[in-house]
Amino acid sequence: MNQPRTSPATPPTADFDLDAATARAAKLRVMVFDVDGVLTDGGLRYGPTGETFKTFDSLDGHGLKLLAEAGIVTAIITGRKSDIVAKRAADLGVAHVYQGVHDKRVAFEDLCAKVSVSADACGHIGDDWPDLPVLTRVGFAACPANAHAEVQSRCHWIASMRGGNGAVRELCDFILRAQGRYDALLAAALA
């Protein structure tokens, strides 16, 4: 069952240095997203013939679109392989999608080479141990409120919301504010 949403203005529950996180987010050129537990609630629902169902949050998806509109490259690196993820990434305009990845560090290094950026100019949001090899290398490490404690202890920023339930949108808004782009994008939406 999904947890009730809280306001995006609610302060994160974990302790981190907000000023340092803002400074790190201001430098981002690439943002990498995990899927299960980040873009989804982490639940895996199987149909009668073995097909997998995932639920994505529309607000989270719009956040990815806003990052792209602000010139931030978005990417997905996930351990599972799914046509559903490929479809969602295509719908959101995410050009760099790595699925079925055993070692996320290798995929991350490939991404950095493809887009010609250093790890310091990248951010990653993940929720569990398989994300640690990337989270510990990027300039900006983030996680949802319900991420594993070992992940939270290594992140620069922690959402007040759970994965699949607004954490990604909260993150996207934070990055856009840190880069001074939020107000202009909102004004364009209101025009």
Side-chain angles (χ1 to χ4, degrees), residues 2-3 12 14 16 21 24-25 28 30-45 52-65 67-68 72-112 114-115 117 119 122-175:
N2 290 343
Q3 297 293 318
F16 64 88
R24 287 174 176 274
L28 287 181
V30 176
M31 189 65 207
V32 181
F33 298 84
D34 179 32
V35 176
D36 296 322
V38 174
L39 288 171
T40 75
D41 64 7
L44 298 173
R45 293 150 191 92
T52 306
F53 300 94
K54 297 176 188 270
T55 303
F56 296 92
D57 185 291
S58 62
L59 290 175
D60 288 350
H62 191 69
L64 269 75
K65 288 181 177 181
L67 288 184
I72 297 169
V73 174
T74 56
I76 289 173
I77 300 177
T78 181
R80 295 185 189 278
K81 188 167 177 68
S82 165
D83 290 341
I84 298 164
V85 171
K87 171 72 170 125
R88 184 66 175 148
D91 288 349
L92 299 176
V94 178
H96 305 281
V97 181
Y98 297 82
Q99 293 198 69
V101 175
H102 175 68
D103 185 345
K104 291 187 177 188
R105 180 186 59 237
V106 173
F108 175 67
E109 289 169 356
D110 181 71
L111 172 66
C112 288
K114 280 184 180 172
V115 296
V117 296
C122 298
H124 179 57
I125 180 168
D127 68 319
D128 208 347
W129 289 17
D131 299 303
L132 289 172
V134 178
L135 287 169
T136 57
R137 285 170 173 75
V138 295
F140 178 71
C143 67
N146 59 322
H148 191 279
E150 295 295 346
V151 170
Q152 288 192 25
S153 70
R154 289 163 175 83
C155 283
H156 306 114
W157 183 89
I158 301 169
S160 65
M161 295 185 194
R162 298 171 61 86
N165 289 289
V168 166
R169 181 55 178 272
E170 183 182 353
L171 169 69
C172 293
D173 288 352
F174 178 78
I175 293 167

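With a 4.5 Å cut-off on side-chain heavy atoms, V30 and L111 count as touching. Under the 4.5 Å side-chain criterion, counting only non-hydrogen atoms from C-beta, D127 is not in contact with V151. Side-chain contact between T74 and H96 is absent, with no heavy-atom pair separated by less than 4.5 Å. Inter-residue side-chain proximity for L39 and T78 is flagged as unmet; no heavy-atom pair is nearer than 4.5 Å. Side-chain atoms of V85 and Q99, non-hydrogen and from C-beta on, do get closer than 4.5 Å to each other. The shortest side-chain heavy-atom distance between D34 and K104 falls under the 4.5 Å cut-off. The shortest distance between side-chain heavy atoms of V168 and V38 falls below 4.5 Å. Contact of the F56 side chain with the I84 side chain is registered, since non-hydrogen atoms from C-beta on lie closer than 4.5 Å.
The pair K87-D83 does not meet the salt-bridge criterion, since no charged nitrogen lies less than 4.0 angstrom from a carboxylate oxygen.
Put simply, the side chain of D173 never gets that close to the backbone of G63: no donor and acceptor are under 3.5 Å apart. When atom types are taken as modelled, the side chain of R105 and the backbone of P133 share no donor-acceptor pair closer than 3.5 angstrom. Formation of a donor-acceptor pair under 3.5 Å by the Q152 side chain with backbone atoms of A145 is found in this model. For H156 (side chain) and A21 (main-chain N/O), no donor-acceptor pair under 3.5 Å exists by modelled atom type.
Residue E170 holds its CD atom at 5.0 Å from CE of M161, rounded to the nearest 0.5 Å. Here the CD1 atom belonging to I158 is positioned 10.5 Å from the CD1 atom belonging to I125, to the nearest 0.5 angstrom. Note that the CZ atom of F16 and the OG atom of S153 stand 14.0 Å from one another [nearest 0.5 Å]. The distance from the NE2 atom of H124 to the CG atom of L28 is 13.0 Å, given to the nearest 0.5 Å. Here OG1 of T52 is found 7.5 Å from CZ of R80. Values are rounded to the nearest 0.5 Å.
In plain terms, the two heavy atoms of F33 and C172 that are nearest each other are CZ-SG, 4.3 Å. Minimum interatomic distance between R45 and D41 (heavy atoms only, all atoms of both residues): NH2-OD2, 2.9 Å. Closest of all the heavy-atom pairs between M31 and L171 is CE-CD2, 3.5 Å. Of all non-hydrogen atoms in A119 and R137, the two that sit nearest each other are CB-O, 3.3 Å. Closest heavy-atom contact between G126 and C143: O-CB, 3.1 Å. Residues C122 and V117 share a closest heavy-atom pair of SG-CG2, 3.5 Å.
Listed by chain and number, the residues in a side chain to side chain contact (heavy atoms under 4.5 Å, CB included) with A89 are I76, V94, V97 (sequence neighbours excluded).
Between W129 and H148, the angle of the ring planes goes over 60°, which puts this pair in the perpendicular group of the 30/60° scheme.
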TODO: Could you please spell out the steps behind the side-chain contact (heavy atoms from CB on, under 4.5 Å) verdict for R154 and L135?
DONE: CA-CA 7 Å; R154 289 163 175 83; L135 287 169; 5.7 Å; no
